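This report concerns only the one structure given below.
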Amino acid sequence: MKNFLALIFGWYAQDIVQIMMTQTFLAPEIYLMMLIWCVTREKQLSVPWRWFAAALCGGLLMDLRWIGVPGLYGALYTAAVLAAHWAWFQIPAANRRTLPYVVITTLLCAVMTLSRLLFWDAGVLAGRIGLVIGVQWIANAAVLIFLALVRSRLHDEKSF
């Protein structure tokens with residue numbers, strides 16, 4: 001239950017940040033980071049259906065909230081959850097700590113940023129694509145550092 005509340009908080013936080021940055025910059029991938037957080041907390045290799053459903057619903061809501069192709073981000077978030085789950089269980093159990101979480105999250109956020117840029121208004125990006133990516137990645141780094149510190153404090157003492 002706490003994980004679903006954290007996902008809802010992450011979705012709203014990303015939405016509020018996106019409202020403040022509308023048509024100027026991309027919001028950090030807070031919801032994706034929270035999804036990866038939840039799926040990498042799984043202790044068994046079973047298929048994480050609840051996180052797939054959360055990724056699909058959150059992405060669909062994001063598509064409907066913002067102008068987008070309905071289902072596009074739902075599919076992208078679901079694919080990211082699948083990739084994170086697969087990558088997480090490729091790591092030996094003793095090494096499933098904060099650093100692999102940070103690496104997996106960074107790679108998937110990079111893919112998500114590229115996909116968001118593909119579907120963003122080209123007129124907004126004209127001449128400032130580096131600035132848009134830079135601002136989003138500074139915000140991504142701040143959120144990810146916070147999550148990594150919390151995760152290492154809460155979970156690295158325990159074996160996954």
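Values in this document were obtained by computation on a predicted structure and should not be read as measured data.
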Applying a strict under-4.5 Å side-chain criterion to I, L, V, M, F, W and Y, I'd like to know whether [X] and [Y] cluster together.
X	Y	result
Leu82	Leu32	yes
Leu114	Leu107	no
Val143	Phe146	yes
Trp86	Leu45	no
Leu35	Leu64	no

Anything under 30° is parallel, anything over 60° is perpendicular, the rest tilted; go ahead and classify His85 against Phe89.
tilted

Are there more than 12 heavy atoms of other residues, nucleotides or ligands under 6.0 Å from atom CZ of Phe9?
no

Between [Y] and [X], is there a side-chain heavy-atom distance shorter than 4.5 Å?
X	Y	answer
Met34	Leu147	yes
Cys38	Phe4	no
Met62	Gln14	yes
Trp11	Ile8	no
Met33	Ile30	no
Gln136	Val132	no
Ile104	Trp88	yes
Thr40	Arg151	yes

When rounded to the nearest 0.5 angstrom, what is the spacing between [atom1] in [X] and [atom2] in [Y]?
X	Y	atom1	atom2	answer
Leu118	Arg116	CG	CZ	12.0 Å
Phe25	Ile133	CZ	CD1	12.0 Å
Leu26	Thr113	CG	OG1	7.0 Å
Asn140	Thr106	CG	OG1	8.5 Å
Leu56	Tyr77	CG	OH	12.0 Å

Can you list everything that forms a salt bridge (Lys or Arg N to Asp or Glu O under 4.0 Å) with Asp63? Sequence neighbours excluded, please.
none

Shortest non-hydrogen contact between Pro48 and Val39, atoms and distance:
CG-CG2, 3.9 Å

Arg41 to Tyr101 six-membered ring, cation-pi geometry met (6.0 Å, 45°):
no

List the steps and the verdict of side chain to side chain contact (heavy atoms under 4.5 Å, CB included) for Leu108 and Met112.
CA-CA 6 Å; Leu108 291 173; Met112 189 60 73; over 6 Å; no

Please confirm whether the backbone N or O of Thr24 pairs with a side-chain atom of Arg128, one donor and one acceptor, at under 3.5 Å?
yes

Candidates Ile36, Leu144, Ile145 - the one meeting side-chain contact (heavy atoms from CB on, under 4.5 Å) with Val102:
Leu144

Going by distance alone, is a donor N or O of one side chain under 3.5 Å from an acceptor N or O of the other, for Trp66 and Asp15?
yes

Go through the steps to decide whether Arg96 and Glu42 satisfy the test salt bridge (Lys or Arg N to Asp or Glu O under 4.0 Å), and finish with yes or no.
CA-CA 11 Å; Arg96 293 181 197 151; Glu42 294 286 326; over 6 Å; no

Given Arg65 and Ile19, is the side chain to side chain contact (heavy atoms under 4.5 Å, CB included) satisfied, shown in steps?
CA-CA 11 Å; Arg65 172 79 169 94; Ile19 288 169; 3.0 Å; yes

Report the C-alpha separation of Trp37 and Tyr31 in whole Å, then their side-chain angles, then the decisive distance to 0.1 Å, and conclude whether the ring pair (Phe, Tyr, Trp, His ring centres under 6.0 Å) test is met.
CA-CA 10 Å; Trp37 172 295; Tyr31 185 65; over 10 Å; no

